[in-house]
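What follows is a set of notes on a single structure, which appears directly below.
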Amino acid sequence: MATGGLGYIGSETSLLLLQNGFDVLIVDSLINSSFSVFERIKKSLDNSNVGKKGKLFFRKGDIRNYDFVKSVFAEFKYAKNPIESVIHFAGIKSVPDSQKNSLNYWDVNVNGAINLLIVMKENNCNNIVFSSSATIYKSDSSKKIKESHKLHPINPYGNTKLAIEKILGDLFNSEKDKWRIASLRYFNPAGSNPNGFLRENISSNSTNLFPTIFNVLDNKKEFLEVFGNDWPTEDGTCVRDFIHVTDLARAHILSLKYLLNNDPQNIAINIGTGKGASVLEVINTFKEVLNLDIKYKFVKRRDGDYPYVVADNSLANSMLKWHPSKNLSDICKDSWKSHIQNL
Ligand code: UD1
């Protein structure tokens, strides 16, 4: 089951699971996604040249609703296709919104996770891959961040992600011989499926870098505000670890396979490329690869930003045999292709 499977990362991962022969049940409330993505996943699967394809199912509902989640597990058990594992994407993720509406973030993200875990436990479904975030780290470092780095989120969104990791830890400790849990700490997901069908839903009030760049390129915003050029980095702008969404999707499949083939355990794994790119490098890559000029101005630093947030991804390399296959040029090319294809 993929909760939030019609979202940006959930849809890429669901497609890849299907292409790998897994049956996928997407459960999504559609509060932040659209049913058209389901059709796009189907179309993408039909167009894929792979061996055995999995079967795709969809049930609309909110994972905070106990009766709904319970009925979905019961339905698939009755149909002799019980839910064996969950990849849990469902959640809300805007940092500024979480600062304004913190209770909603605790409700949707944390209550949703608790409810899901209660029903999983009742159904002896003990395998879960959870969408966590690098935002839970104390990003005070000029070095790459390891999983053992101090955890210290500074906004409600990050607090809910860390809370869920703690809930998963307590659950694991209560039944150590049962649970297989992986929390994937994403760095900065970006890019789109090169097939052009799946992509991030860009709203005009999105504050992340890539959606904002597209709003500037579409003339919906006059220029990109680059938050600070006086950071202690090579060119003075912040450095981030942008990870292509298809590489990120692949990390989920490898994590799930790893869990299913190994003893019960609870692990947290960084998913990033291990290579940083500054905001100016992103702007320059759009120019070099696509000849697109992004109008920008330097403005003062944004509250809550850090100069350098890059993954030490050696655990994902060694444990999952996961290695990123795409770079910043691919991210720019693929996201632009799907953007213009879907205008
Ligand atoms: C943000 C979230 C983080 C989340 C991550 C995943 C914040 C504070 N953090 O991280 O919790 O896990 O997204 O998507 O929102 N930038 C500009 N101008 C802009 C937008 C961004 O200069 O208009 C710069 C930022 O200063 C930053 C970089 O681009 O240095 C990336 O920003 P963004 O895409 O918002 O991601 P993060 O802040 O790293």
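Both ligands and their constituent atoms are indexed starting at 1 by order of listing.
Only the side chain of T212 comes within 4.0 Å of ligand 1, judged by heavy-atom distances. Only the side chain of Y157 comes within 4.0 Å of ligand 1, judged by heavy-atom distances.
In terms of modelled atom types and a separation under 3.5 Å, the side chain of N208 and the main chain of P211 share no donor-acceptor contact. At distances below 3.5 Å, at least one donor-acceptor pair connects side-chain atoms of N123 with backbone N or O atoms of V119. In this structure a side-chain-to-backbone donor-acceptor pair under 3.5 Å is present from N317 to W322.
The atoms of ligand 1 that sit less than 4.0 Å from any heavy atom of S133 are 12 (O).
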Exercise. S278 and D235: side-chain hydrogen bond (donor to acceptor under 3.5 Å, both in side chains), yes or no, with the steps?
Worked result: CA-CA 8 Å; S278 72; D235 64 24; 2.6 Å; yes

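Scanning all protein heavy atoms for the shortest distance to atom 14 (O) of ligand 1 gives N208 ND2, 3.8 Å. Looking from atom 8 (C) of ligand 1 to the surrounding protein, the closest heavy atom is V95 CG1, 4.0 Å. Of all protein heavy atoms, the one lying nearest to atom 3 (C) of ligand 1 is T135 OG1, 3.8 Å. Nearest non-hydrogen protein atom to atom 38 (O) of ligand 1 is R302 NH2, 2.8 Å. Here the protein heavy atom with the shortest distance to atom 29 (O) of ligand 1 is V279 CG2, 3.5 Å.
Under the 6.0 Å distance and 45° angle rule, K297 counts as a cation-pi partner of F223.
Here's the thing with N188: one of its N/O atoms is less than 3.5 angstrom from an N/O atom of ligand 1. In terms of polar-atom proximity, defined here as any N/O pair under 3.5 Å, F227 does make such a contact with ligand 1. Taking any N or O of E225, backbone or side chain, at least one lies under 3.5 Å from an N or O belonging to ligand 1.
For atom 21 (C) of ligand 1, the candidate residues are T233, L224, L209, N229; the nearest heavy-atom contact is made by L209.
Heavy-atom contacts from other residues, nucleotides or ligands closer than 6.0 Å to CD of E84 number 12 or fewer.
Here the shortest heavy-atom pairing between P264 and K176 reads CB-O, 3.4 Å. In terms of heavy atoms, Y8 sits closest to G191 at OH-O, 2.6 Å. For the pair E147 and L315, the tightest heavy-atom approach, listed with the atom from each and the gap, is OE2-CB, 3.5 Å.
D305 counts as a contact of ligand 1, since one of its heavy atoms falls under 4.0 Å from the ligand. Taking a 4.0 Å cut-off on heavy atoms, G158 fails to register as neighbouring ligand 1.
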